[in-house]
**Student:** 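So that we are looking at the same thing, I have put the structure below in structure tokens.
Computed over heavy atoms, backbone and side chain alike; hydrogens, waters and symmetry mates excluded. Residue numbers begin at 1 in each chain, while the letters A, B, ... track the order of the sequences. Quick caveat: nothing in here was measured; it's all calculated off a predicted structure.
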Amino acid sequence: MARTIRPKKQDQANPFGSFRRECETALKTGYLSLQKTSGHSLPDFDIVSTLKDPPNPTFGHLASSLSFELAKSQKRKPIEVAKTLAETSRRLAKLDLVESIEATEPGYVNFRANLARLTELTLKSVQLAGSEYGLLKTEAPERTIVEHTSANPARPIHIGTAKNSIFGDALARLLSARGHDVRTHFYIDDTGRQVAIMAYGYKLLNEPIPEGKPDHFIGKIYSVTATLVEIEELKKRLALLKKTNASDADIVAATKSLDEWVGIAADLRSKYPEEFDLLGKLISRDQDPETSIGELIRKYEKNDPDTNALMRRVTRMVLTGFEETLRRARIRFDEWDWESDLLWAGRVAELVDQLKESGFTFNKGGALELDVAKAVEKFGLREQLGVTPTFEFPPLTLTRSDGTSLYPTRDIAYTLYKFGMAERVINVIGTEQSLAQFQVKVAFWITGHRKEAEKFIYFPIGHLLLEGQRMSARRGRYVTFDQVLDETVSRAKSEVDRRSPSIPDEIRQRTADRIAISAVRYAILSVEAVKSTNFVWDKVLNFETNSAAFINYAYTRSSGILRKLGRIEQPKTLDLLKDPVEQALVLELSKFPETFSQATDDLNPTLLCLFANLLAQRFHEFYEKSDISHVTNDELKWQRVALVLAVRTVLKTVAGLLGLELAERM
RNA sequence: GGGCCCGUAGUCGAGCCAGGACCAAGACGUGGGCCUUCGGAGCCCAAAAUCGUGGGUUCGAAUCCCACCGGGCCCGCCA
């Protein structure tokens, strides 16, 4: 008679992991016995790593290739070694979750799980741990900062940046569920040129109250202002080039650049005629717009009260818009860090002084440069950073000749600042920043922050291309995150309207909202972060297999079953779930804890997308084949219900990790 | 010139870090089936891949190493 399995620590239940450990122990036992009988000592193998998922269920649930490793030193065929290993493991090890151990050609040792025991263990674990099932806690919790999005406040967030937001947010959710103390930070890059241009244009217009969404409103002002200023500058430069008899090449280049900007201006003018003409008139009255903008930057760096008021006011308006967009996508931040604060607190200056004292800087035309290459050689960082001996580290300009700071310098200071509050810092930034992120690490070594250098993680995001091209805000070739959300919600709404007319409209709207947000998030998360991919509407608007809607539909169907039943009873045991579709479903549930911890420790949310999709797929197969409400055997009915409940729990957990919201009806 | 990343069916994509039964998951698309049963946003079946190319290491390579090819990106007193 099977004794009842009672998992010890509910929050740490890991059914498939328990099976795996049993296999490991059995294999080790077999191995040690082999070592004894073979007379000569065998090399110490990493037995754990030889255990893999076999390619199909006929080979059991875990398989080891250890015999291949041993065959040589044993001077025997792998299959013979495997037979001995299987036989002794079977004979000597205490087996509970393992049903059988067999050797198969050409030399694998296959472990089959006792599915009855695994089913009982898994379903009971889910029942007891509930929404905590699978969320294995780390043994080394770390205070972790995830910085992501950090979009320049000059324009609305576009779908490319949204990829950073969605991955950053998912990472934070995963790490937090793993037991780390996670804070998300948004870095407000307000001391650069772009925000100054935006404030300049806004001031010229006499600081109007935004119509519509503030980030879109201000973004429009920024685009028009930046374009007009650029054209003014190019005209001046061209005139100067001609007057000084510059080379033809220079003149051609400047003319070409000017033509391009004029083209952009024409587009903007047709889109926003009023603002364009008004700003054009106002800017032409300014003797030297470039100087006005430069002055804004300088005054802001010095924290001049009037400039401060203007810059903060206009930036805050944009951030309100950002927050609104991000909130729609279920993304929130714990902290909003102003770059200007960093500057005013003297952190940047302090860093620059430290670097200066290190002896790794030099002066170039008044600007301060950091000799990165020298530092790399001095500290022998090539191996640390994983770069080849020929990798060239160009010097990094720390300060301009007028003494003002540059973004990379501020970023180093900022990352150090973050380490003041955390043991580990994760920067979610585009792949184009890889060199800059190397430089941050090198700067850490120079300033003696070696521990921080190790705990500093750059999480690269590959570009999201639009119709195969890079998005260009300047050329208006981009899709905003808001547009994507709007379009997806409206598509989802018409689907819900069509399929579920009986649901009240208010609920249909909320459902469409959830489906849409989840669809967008899933479409982004289901492709690995580092890959550059094409943004395609078809993928986002796909509500079929391998989409959030497919996963949600599994949840909806399970809700339908429970609704129809009306009441639920506990089954007496869990011994009737023997159908292959039921066992496949249980097996998937049993693997969730391992999948979760691997996805989290590898910082790979995409793994969980695959898991969610697979679980939903297994459920749909089960749903198709296994009846519940019409089944006459009550005990079987309640056992199946227990399975459905477990699937619902895990679906909900995994959805929560990815930031997907599930609807009971859709 | 130096470097980083990516290259898997018509398309999109997992597997690569930790090599093993790979005649390579899954999806979209294509072709064919399944509604008297818990919601068809579903299920079943079929066709479709020189794993960019060439070498090397290994008993064994999509996976590791080298070279090359193709695509993206970086090497700014922009951010």
**Student:** Between A27(B), G15(B), A21(B), which nucleotide has the shortest distance from any of its atoms to the side chain of Glu528(A)?
**Tutor:** G15(B)

**Student:** Taking the P atom of each, how far is G52(B) from C44(B), in whole Å?
**Tutor:** 30 Å

**Student:** Test for a donor-acceptor pair under 3.5 Å between the base of C6(B) and the side chain of Ser532(A), counting only N and O atoms.
**Tutor:** no

**Student:** Could you check which of A18(B), A21(B), C38(B) has an atom nearest any side-chain atom of Phe59(A)?
**Tutor:** A21(B)

**Student:** Check this for me, if you would: do Arg640(A) and Glu582(A) make a salt bridge, where the nitrogen-to-carboxylate-oxygen distance has to be below 4.0 angstrom?
**Tutor:** yes

**Student:** Nearest to the side chain of Lys539(A), heavy atoms from C-beta on, is which of C12(B), A14(B), G42(B)?
**Tutor:** C12(B)

**Student:** OP1 or OP2 of C74(B) less than 4.0 angstrom from a side-chain nitrogen or oxygen of Thr431(A), does that happen here?
**Tutor:** no

**Student:** Distance between the C1' atoms of C64(B) and G19(B), in whole angstroms?
**Tutor:** 7 Å

**Student:** With C1' as the reference atom in both, quote the distance from C12(B) to C6(B) in angstrom, rounded to an integer.
**Tutor:** 15 Å

**Student:** When you check the phosphate oxygens OP1 and OP2 of C4(B), does a side-chain N or O of Tyr458(A) lie under 4.0 Å from one of them?
**Tutor:** no

**Student:** With rounding to whole Å, what would you report as the distance between C51(B) and G7(B) at their P atoms?
**Tutor:** 14 Å

**Student:** For A14(B), does either OP1 or OP2 sit under 4.0 Å from a side-chain N or O belonging to Lys531(A)?
**Tutor:** yes

**Student:** Which value, in whole Å, describes the distance between the P atoms of nucleotides G56(B) and G60(B)?
**Tutor:** 12 Å

**Student:** Select one nucleotide: of G72(B), C38(B), G42(B), the one nearest the side-chain heavy atoms of Arg557(A).
**Tutor:** G42(B)

**Student:** Can a donor-acceptor pair be found between the side chains of Thr191(A) and Glu339(A) at a distance below 3.5 Å?
**Tutor:** yes

**Student:** With respect to the phosphate group of C77(B), does any side-chain polar atom (N or O) of Thr397(A) fall under 4.0 Å of OP1 or OP2?
**Tutor:** yes

**Student:** Which of the following nucleotides, A41(B), A27(B), C38(B), is nearest to the side chain of Val496(A)?
**Tutor:** A41(B)

**Student:** Would you indicate, yes or no, if C28(B) has its OP1 or OP2 atom less than 4.0 angstrom from a side-chain nitrogen or oxygen of Thr545(A)?
**Tutor:** yes

**Student:** May I ask which nucleotide in the shown strands pairs with C68(B), Watson-Crick or G-U wobble, both distances under 3.5 Å?
**Tutor:** G52(B)

**Student:** Please work out whether C35(B) sits syn or anti, treating a glycosidic angle within 90° of 0 as syn.
**Tutor:** syn

**Student:** Taking any strand in view, what nucleotide pairs with A27(B) in a Watson-Crick or G-U wobble way, both distances under 3.5 Å?
**Tutor:** U11(B)

**Student:** Would you please classify the geometry between the Tyr414(A) ring and the Tyr187(A) ring as parallel, tilted or perpendicular, with 30° and 60° separating the classes?
**Tutor:** parallel

**Student:** For A14(B) versus G26(B), give the span between their P atoms, rounded off to a whole number of Å.
**Tutor:** 15 Å

**Student:** For G39(B) and Arg563(A) - does any side-chain N or O of the residue sit under 4.0 Å from the phosphate oxygens OP1/OP2?
**Tutor:** no

**Student:** Can you tell which of G39(B), G15(B), A18(B) lies closest to the side chain of Thr556(A)?
**Tutor:** G39(B)

**Student:** For A41(B), take OP1 and OP2 only and decide whether either is under 4.0 Å from a side-chain N or O of Arg499(A).
**Tutor:** yes

**Student:** What distance, rounded to whole Å, do you find between the two C1' atoms, one in A27(B) and one in G72(B)?
**Tutor:** 25 Å

**Student:** Parallel under 30°, tilted from 30 to 60°, perpendicular over 60°: which one fits the rings of Trp537(A) and Phe535(A)?
**Tutor:** perpendicular

**Student:** Salt bridge between Arg193(A) and Glu290(A), side-chain N to carboxylate O under 4.0 Å?
**Tutor:** yes

**Student:** Choose from G42(B), C5(B), A21(B) the nucleotide whose nearest atom is closest to any side-chain atom of Val530(A).
**Tutor:** C5(B)

**Student:** Distance between the C1' atoms of A21(B) and C73(B), in whole angstroms?
**Tutor:** 40 Å

**Student:** Taking C-beta and beyond as the side chain, do Val644(A) and Ile628(A) meet within less than 4.5 Å on heavy atoms?
**Tutor:** yes

